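Below is a structure I'd like to ask you about.
Chain letters run A, B, ... following the sequence lines, proteins first and then strands; every chain starts at 1. Both backbone and side-chain heavy atoms feed into the values below; hydrogens, waters and symmetry mates do not. From a predicted model like this one, the values you see are computed outputs, not experimental measurements.
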Protein chains: 2
Amino acid sequence: MTTSKQAAPRPTRGAATRQKILVEASRQFAVRGYYGTATRDIAEAVGVRQPSLFFHFPNKQAIVEELLRYSLERPTEVARQVLALPQPAAMRIYRYVWFDTHHLLASPYDLTGVHRDELMDAPDFHEWREKAHKLRRDIQELVRAGHVDGSLRPVDPVLAQELISGMNLNTIRMAHAGRPTPRVDVPTFVAEFTLRAVLADVTTLPEVAVGAMALPLDPAS
Amino acid sequence: MTTSKQAAPRPTRGAATRQKILVEASRQFAVRGYYGTATRDIAEAVGVRQPSLFFHFPNKQAIVEELLRYSLERPTEVARQVLALPQPAAMRIYRYVWFDTHHLLASPYDLTGVHRDELMDAPDFHEWREKAHKLRRDIQELVRAGHVDGSLRPVDPVLAQELISGMNLNTIRMAHAGRPTPRVDVPTFVAEFTLRAVLADVTTLPEVAVGAMALPLDPAS
DNA sequence: GTCTATACGCAGATAGAC
DNA sequence: GTCTATCTGCGTATAGAC
């Protein structure tokens, strides 16, 4: 264990190429979509020939699956933990939204392309569709919990979750789309924007924001 | 001029096929993306052979362009009109969001697939990218107007507009995704959700909602 | 690890009969 | 208007040299 940890299965030098493939592929997927991106495009962005990709990944699908893993595993874990925190649902939802935006923004990848229906609805990606679905349902449950404990307005949970997810993805898309990220703290902006829309009493927002970040979470799975 | 108006250039019978092509194509584009959808898939859904599509449209791009036209022309026109109304910006933004959600939901097409970057960023669709961009900037201007007249909180206009657009599209996507539309009035839900997040004073929401729908707009361009 | 050469299928589009 | 047959280019992936 003398070397640092690598998410990639290649501890040798040249693992840099593998990483670069993931970064460039995520950008292309975000802009042109998975099916709109040719492996030649990825290879060109990386600076290698097209067949060289297949030394690092068995096929195109494996590339996008690694991005899906990164995009879903940690948020799923966090959602599960947040769901169990002994707090009003308003605080827990704040925390989840904040984390999710932060996670997507801090990522080396532009993950806006891998959440689209064109992928999730394909039979090959059934497993990932399930995971994304489970995550959505956890958020819906959080909204329902807020109805019970009175911290959230009685909004339709599915509709609310869909609005939240849509906001989040579009923010990330914009942030990655070149122009310098706005001067505001984006995760906080998104979390507060969301909470204003669903809070039972808007005047509680400051204390919700503070309370939300108070309790610790496990750092990893 | 004895026949009723047709958006399509084919007043003969068999125009039904043309319409069906647009409907089915929009569905496939929403699910698999433009590049992920083969003209054979569209043809099969319509119930004709693949080359028959090319009697009604010169090529695949022309199909998606007609959907883009439907998706952007009226909302652009409405945004322009709303921008000029003598009202607080809060009311005008409410109205625009309500209209846009309503327009997308009432459409015979599932237009969630045609707004994606994979299309807009392609050189062939440059013209449409411009139109979409202009629409976004009108919304941003509306947010700024709200800062000036004091009806909206001083949120980052670009970020806010991006959140609004993201919400809207995801709602439509969900509504089209099979399951029976929630029992709530979706355009009103989305408009109120949005306004809560950006209103300077949330208690004014009821009067904003009423005032927003009071002034008349031109019915068509 | 990365290259060149290439196999092979699929997608968009045309020609021309009916 | 819709069909069958078919062309052509592109995209993923493999073989094998370096």
message: Distance check needed: dA13(D) C1' versus His56(A) NE2, whole Å only.
response: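 It is 16 Å, rounded to the nearest whole Å.
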task: Would you kindly give the NZ-to-P distance between Lys20(A) and dT2(C), to the nearest whole Å?
output: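 Computing the Lys20(A):NZ to dT2(C):P distance gives 10 Å.
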message: Can you measure Tyr35(B) atom OH to dT12(D) atom C1' for me and round it to whole angstrom units?
response: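 My rounded result for the distance is 18 Å.
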message: What I'd like to find out is whether the side chain of Phe57(B) reaches to under 4.5 Å of the side chain of Leu22(B), using heavy atoms alone.
response: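 The answer is yes; the side chains approach within 4.5 Å.
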- prompt: What orientation do Trp98(A) and His102(A) show, parallel under 30°, tilted 30 to 60°, or perpendicular over 60°?
  reply: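 Correct class here is parallel.
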Give me the distances for all protein-to-nucleotides 4-9 of chain D N/O pairs that come in under 3.5 Å?
from   : atom 1 : to       : atom 2 : distance (Å)
dT4(D) : OP2    : Arg49(B) : NE     : 3.3

- prompt: What is the distance, rounded to the nearest whole Å, between atom CD1 of Ile21(B) and atom P of dG12(C)?
  reply: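 Nearest whole value for this atom pair: 14 Å.
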- prompt: Hey, is the side chain of Thr39(B) poking within less than 4.0 Å of OP1 or OP2 on dA13(C), counting only N and O atoms?
  reply: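 No, because none of the side-chain N or O atoms of Thr39(B) sits under 4.0 Å from OP1 or OP2 of dA13(C).
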- prompt: Roughly, in whole Å, what's the span from CZ in Phe54(A) to P in dA15(D)?
  reply: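 Atom-to-atom, Phe54(A) to dA15(D), this comes out as 13 Å.
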- request: Give the rounded distance in Å between these two atoms: CZ of Phe55(B) and P of dA17(C).
  value: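 From Phe55(B) CZ to dA17(C) P: 17 Å.
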Whole angstrom value for the distance that separates P of dG12(C) from CD of Glu44(B):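 Glu44(B) atom CD is separated from dG12(C) atom P by 14 Å.
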field: Rounded distance in Å - CG (Leu53(B)) to P (dG12(C))
entry: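 My rounded result for the distance is 10 Å.
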query: Would you say Thr17(A) reaches dT2(C)'s phosphate, i.e. side-chain N/O to OP1/OP2 under 4.0 Å?
result: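 Checking dT2(C) against Thr17(A), a side-chain N or O does come within under 4.0 Å of OP1 or OP2.
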query: Counting only N and O atoms by type, is there a donor-acceptor contact under 3.5 Å from the side chain of Lys60(B) to the main-chain atoms of Thr37(B)?
result: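 It does hold such a pair.
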- prompt: For Leu119(B), which residues count as a side chain to side chain contact (heavy atoms under 4.5 Å, CB included) partner, sequence neighbours excluded?
  reply: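 Expected list: Tyr34(B), Val64(B), Leu68(B), Val114(B), Phe125(B).
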- prompt: Side chain of Arg92(B), backbone of Ala212(B): donor and acceptor closer than 3.5 Å?
  reply: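 The answer is no, because no donor-acceptor pair under 3.5 Å joins these two groups.
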message: Is the distance between the ring centroids of His103(A) and Tyr70(A) under 6.0 Å?
response: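 Yes: the rings meet the under 6.0 Å criterion.
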